[in-house]
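Heads up, the thing below is written out as structure tokens.
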Amino acid sequence: MSKVGGFPFDATRQHAASALRPEHFEDFQRLVKLLRHGGKFQLLFVDCVDERYRSELVSAINDVLAVSKQSAIAVTLNAENASDFAAFEQLIAKVSSSAGTINVLNADVWFDDARWLDFNIRREDVARSTRAKLLFWLSAAQISKIATLAPDLWAWRAGVFDFGSRPEIVDSHTPAALPPSELQLAVFAPAKLDQSGGARAKRIAELRQLTSREDLDSEAKLPLWAEWADLAFSIGQLDEALRIRREEELPVFEKLGDVRSAAVTRGQIADVLHARGDLDEALRIRREEELPVFEKLGDVRSA
């Protein structure tokens, strides 16, 4: 499915990255690019102990790799499938025959000092028997331990990626509080539609986080939702643009009694439907929900 220039892959990875925390946008882009274009055997370490967020990341990686017809599989290490390092080596070699990327889970618990030392010694044998990228999901402390305990193995790393939570974030979906000056800057520094797709996707990640803030009321979020929908539409995320217009913006305008803004939003909904090929529904909205409002308001130009 990959085409000239890798456009489907680039569009998919930008879309996937826009759903993550904005501070992880660049690392995710770099990781999936390495998984797609890197050598058959690679050793990659990922800092992420939040299980829910890790699941989102693994799913996003799978979606991006699927565009290039590459596969990824998850292996959760435990006493049953890997009693010792030799069993781990056999397991990984077997799984690598059916997937180009292996997400190694529960490695933080399964690997003790002795097993990392075994890996340090057996690294060349693992590389020969395993023709896949090994993506170890670990804690920052465990990654630091590898660097000192298994220096030869550490030297083989193809990359280290930080998807850890900042200390002030308790829940994986709760954004940290920003000082008023920084919040103002984040809100009023929108990406331009003539910027690259990557810049727009990154701004979407920022807007996703900003609009989840509980200290901003719905009215304050309206310009953020509008920008998000515009950006999503501009890079082909039509379902996302439609959802924001229908479920976020329109209900607020209706609650505020802002009839004209509600009509404009319905027109933007019709724009998205038209782009999706839902021409009958787009026409109905124009005729029955948008036009009568402008006529009643005496807004000849908009009508």
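Note that the structure is predicted; figures quoted are calculated from it, not measured. These numbers come from the heavy atoms of this one structure, side chains and all, not from hydrogens, waters or symmetry mates.
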Residues forming a salt bridge (Lys or Arg N to Asp or Glu O under 4.0 Å) with Arg131, sequence neighbours excluded
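Salt bridge (Lys or Arg N to Asp or Glu O under 4.0 Å) check on Arg131 returns nothing, list empty.
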Determine which pairs satisfy side-chain hydrogen bond (donor to acceptor under 3.5 Å, both in side chains) with at least one residue from [range], sequence neighbours left out, and list them in order.
range            : result
residues 91-105  : Asn103-Trp137
residues 276-288 : Asp239-Arg276, Asp271-Arg286, Arg276-Asp278, Glu281-Arg284, Arg284-Glu288, Arg284-Glu289, Arg286-Glu290
residues 78-91   : Glu89-Arg122

So, applying side chain to side chain contact (heavy atoms under 4.5 Å, CB included) with Leu138, which one of Val104, Ile146, Val160, Val49 is it?
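Only one option passes, and that is Ile146.
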State, with a plain yes or no, whether a side-chain heavy atom of [X] is found less than 4.5 Å away from one of [Y].
X      : Y      : answer
Val32  : Ile61  : yes
Ile204 : Gln237 : yes
Leu135 : Ile102 : no
Val126 : Phe85  : yes
Glu240 : Trp228 : yes
Gln209 : Glu23  : yes
Asn106 : Val75  : no
Glu227 : Arg203 : yes

Linking directly or through intermediates, with side-chain heavy atoms under 4.5 Å: list the remaining ILVMFWY members grouped with [X], chain and number order.
X      : value
Val272 : Phe233, Leu238, Leu242, Leu250, Ile269, Leu273, Ile285
Leu279 : none
Val264 : Phe294

Calculate, to the nearest 0.5 Å, the distance between atoms [atom1] and [atom2] belonging to [X] and [Y] respectively.
X      : Y      : atom1 : atom2 : value
Thr265 : Leu222 : OG1   : CG    : 8.0 Å
Leu153 : Asn120 : CG    : CG    : 5.5 Å
Ser218 : Leu224 : OG    : CG    : 11.5 Å

[X] to [Y] - nearest heavy-atom pair and separation:
X      : Y      : result
Gln42  : Ala158 : OE1-CB, 3.7 Å
Ala93  : Ser129 : CB-O, 3.5 Å
Ala107 : Gln142 : O-NE2, 3.8 Å
Pro22  : Ala205 : CD-O, 3.6 Å
Gln70  : Leu35  : OE1-O, 3.9 Å
Ala72  : Leu65  : CB-CD1, 4.0 Å

Check for a donor-acceptor pair, side chain of Tyr53 on one end and backbone N or O of Phe163 on the other, with a separation under 3.5 Å.
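No, because the side chain of Tyr53 does not come within donor-acceptor range (under 3.5 Å) of the backbone of Phe163.
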Please answer whether the main-chain N or O of Arg208 pairs with a side-chain N or O of Thr211 as donor and acceptor at a distance below 3.5 Å.
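Yes: the side chain of Thr211 pairs with the backbone of Arg208.
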Using 30° and 60° as the class limits, which term best fits the ring planes of His37 and Phe9: parallel, tilted or perpendicular?
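Judged by the thresholds at 30° and 60°, the geometry between His37 and Phe9 is perpendicular.
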For Phe111, ring pair (Phe, Tyr, Trp, His ring centres under 6.0 Å) partners two or more places apart:
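Checked Phe111 against ring pair (Phe, Tyr, Trp, His ring centres under 6.0 Å); matches are Phe88, Trp116, Phe136.
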Can you sort out the partners of Asn62 under side chain to side chain donor-acceptor pair (under 3.5 Å), two or more places apart, ordered by chain and number?
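For Asn62 there are no side chain to side chain donor-acceptor pair (under 3.5 Å) partners, ignoring immediate neighbours.
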Begin with the C-alpha distance, continue with both residues' side-chain angles, and end with the deciding distance and a verdict on salt bridge (Lys or Arg N to Asp or Glu O under 4.0 Å) for Asp118 and Arg115.
CA-CA 5 Å; Asp118 285 341; Arg115 285 169 176 168; over 6 Å; no
Residue pairs passing the ring-ring contact (aromatic ring centres under 6.0 Å, His included) test where at least one lies in residues 139-158, sequence neighbours excluded
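Every pair satisfying ring-ring contact (aromatic ring centres under 6.0 Å, His included) with a residue in residues 139-158: Phe45-Trp154.
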Could you go step by step and tell me if Leu43 and Arg123 meet the side-chain contact (heavy atoms from CB on, under 4.5 Å) rule?
CA-CA 10 Å; Leu43 198 58; Arg123 65 192 183 282; over 6 Å; no
Contact list for residues 132-156, test salt bridge (charged side-chain N to carboxylate O under 4.0 Å, His left out), sequence neighbours left out
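Listed by first then second residue: Asp113-Lys145.
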By the salt bridge (charged side-chain N to carboxylate O under 4.0 Å, His left out) test, which pairs, at least two apart or in different chains, include something from residues 291-303?
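Of all non-adjacent pairs touching residues 291-303, those that pass salt bridge (charged side-chain N to carboxylate O under 4.0 Å, His left out) are Arg260-Asp299.
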Can you get from Leu57 to Leu134 by hopping between Ile, Leu, Val, Met, Phe, Trp and Tyr side chains that sit under 4.5 Å apart?
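Different clusters.
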